[in-house]
Amino acid sequence: MSDVISKLPAASNHHADTASHGAAYAFRRAMNALYWSGAVFSCLALVLISAIIPWAVYTRYILNSAASWPEPLAVLLTIAVTFIGAANCYRQRIHMNMTVGTNLLPPHARVVAAFISELLMAAVALFMVIWGMKLVMATWGNSVDEFPWLSVGITYMPIPVSGAMMFLFVVERLTIGPPPQDGSDAHIPLD
């Protein structure tokens, strides 16, 4: 499917105009920065989860005095990793997808199907941004029981953030094409 996406019209591949090329380069750099920010955040969250869970086990079974905060914090971090990681996986096309039906289509129909798929993904991403922000705002005044200083709205923030990331990645794919898959990024599978 990634070869079909690369056949979609892309501004940077077809215009010799230096201004549009410079804008495409700047946009690609911004999307790379967004991707790597999400990757670093997710990695740090995974490290924290890996430290928190053993602490919870230690306090419960060794000290016989279970701490109340490790499990809820691990759950909150897991939610953040899931949503931000999903956006990053979408950009690199390392998520689960079904291509059996589209692979049976003629080449032109595959390009159309890929375009429709990107538009549907943009719709899902916008849904996540709009309704996710409504959820954040509706729960902003509530606090998490184990962390009275933490707003419930903040715990839902990964939903609209992930949606915004995915939407930007769709725009990237439809305007300047998919990120390069030349092997310079260890997270990009080579075909």
Side-chain angles (χ1 to χ4, degrees), residues 1-18 20-46 49 77-133 135 156-191:
M1 188 61 121
S2 62
D3 60 329
V4 172
I5 295 292
S6 65
K7 292 178 184 168
L8 291 175
S12 66
N13 295 339
H14 301 294
H15 296 298
D17 181 37
T18 56
S20 68
H21 183 69
Y25 177 75
F27 187 56
R28 175 78 74 204
R29 286 188 52 134
M31 293 303 95
N32 286 341
L34 181 62
Y35 168 80
W36 283 109
S37 298
V40 167
F41 172 81
S42 295
C43 288
L44 289 174
L46 283 173
I49 292 167
L77 289 170
T78 301
I79 291 168
V81 165
T82 301
F83 279 98
I84 303 303
N88 276 2
C89 287
Y90 172 75
R91 182 182 193 235
Q92 297 300 341
R93 289 288 194 245
I94 54 177
H95 56 82
M96 258 180 63
N97 59 24
M98 299 298 288
T99 59
V100 174
T102 56
N103 288 344
L104 297 174
L105 295 173
H108 180 71
R110 269 186 255 165
V111 172
V112 171
F115 183 74
I116 291 170
S117 173
E118 292 295 334
L119 292 180
L120 291 172
M121 192 64 219
V124 168
L126 286 175
F127 178 85
M128 289 173 65
V129 170
I130 294 166
W131 290 98
M133 279 309 295
L135 181 62
Y156 289 123
M157 193 61 79
I159 298 170
V161 168
S162 174
M165 289 174 67
M166 282 191 242
F167 184 78
L168 288 171
F169 294 153
V170 168
V171 170
E172 173 190 33
R173 215 167 260 291
L174 291 177
T175 57
I176 61 175
Q181 294 191 351
D182 60 1
S184 61
D185 185 342
H187 297 292
I188 300 174
L190 296 176
D191 292 341

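Just so it is clear, the model here is predicted, and its values are computed rather than measured. Excluded from the calculations below are hydrogen atoms, water molecules and symmetry mates; all remaining heavy atoms, backbone and side chain alike, are included.
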Can any side-chain N or O of S42 pair as donor or acceptor with the backbone N or O of G38 at less than 3.5 Å? yes
Report the C-alpha distance between M121 and F169 in whole Å, list the side-chain angles of each, state the deciding distance to 0.1 Å, and finish with yes or no for side-chain contact (heavy atoms from CB on, under 4.5 Å). CA-CA 10 Å; M121 192 64 219; F169 294 153; over 6 Å; no
Would you say that I79 contacts M157 through its side chain, given a criterion of any heavy-atom pair below 4.5 Å between the two side chains? no
Under the side-chain contact (heavy atoms from CB on, under 4.5 Å) rule, collect the residues that match up with A30, sequence neighbours excluded. none
Non-neighbouring partners of S37 that pass side-chain contact (heavy atoms from CB on, under 4.5 Å), sequence neighbours left out: none
For Y156, I'd like to know if atom OH has over 12 heavy atoms of other residues, nucleotides or ligands within 6.0 Å. no
Please check this pair: side chain of R28 against backbone of G177, looking for a donor-acceptor N/O pair closer than 3.5 Å. yes
Residues at least two apart in sequence or cross-chain that pass side-chain contact (heavy atoms from CB on, under 4.5 Å) with F41, listed by chain then number, are A80, I84
Assess R29 against F27: is NZ or CZ under 6.0 Å from the centre of the six-membered ring, and within 45 degrees of the ring's axis? no
With a 4.5 Å cut-off on side-chain heavy atoms, are V129 and F167 touching? no
Which pair of non-hydrogen atoms, one from F83 and one from S162, has the smallest distance, and what is that distance? O-OG, 2.8 Å
Check whether any side-chain heavy atom of Y25 sits under 4.5 Å from a side-chain heavy atom of I176, and report yes or no. no
Can you tell me how far apart CD1 (I130) and CD1 (I159) are? Round to the nearest 0.5 Å. 14.0 Å
Nearest heavy-atom approach of V170 to E118 is CG1-O, 3.5 Å
CE/M166 to OH/Y90 distance, rounded to the nearest 0.5 angstrom? 9.0 Å
In this structure, CG of L174 is separated from CD of E172 (nearest 0.5 Å) by 10.0 Å
Write down the atom of R110, the atom of T102, and the distance for their closest heavy-atom approach. CG-O, 2.9 Å
Side chains of M31 and L34: does their closest heavy-atom pair fall under 4.5 Å? yes
Indicate yes or no: at least one non-hydrogen side-chain atom of R173 is less than 4.5 angstrom from one of P179. yes
Is there a side-chain contact between N88 and M165 (heavy atoms, below 4.5 Å)? yes
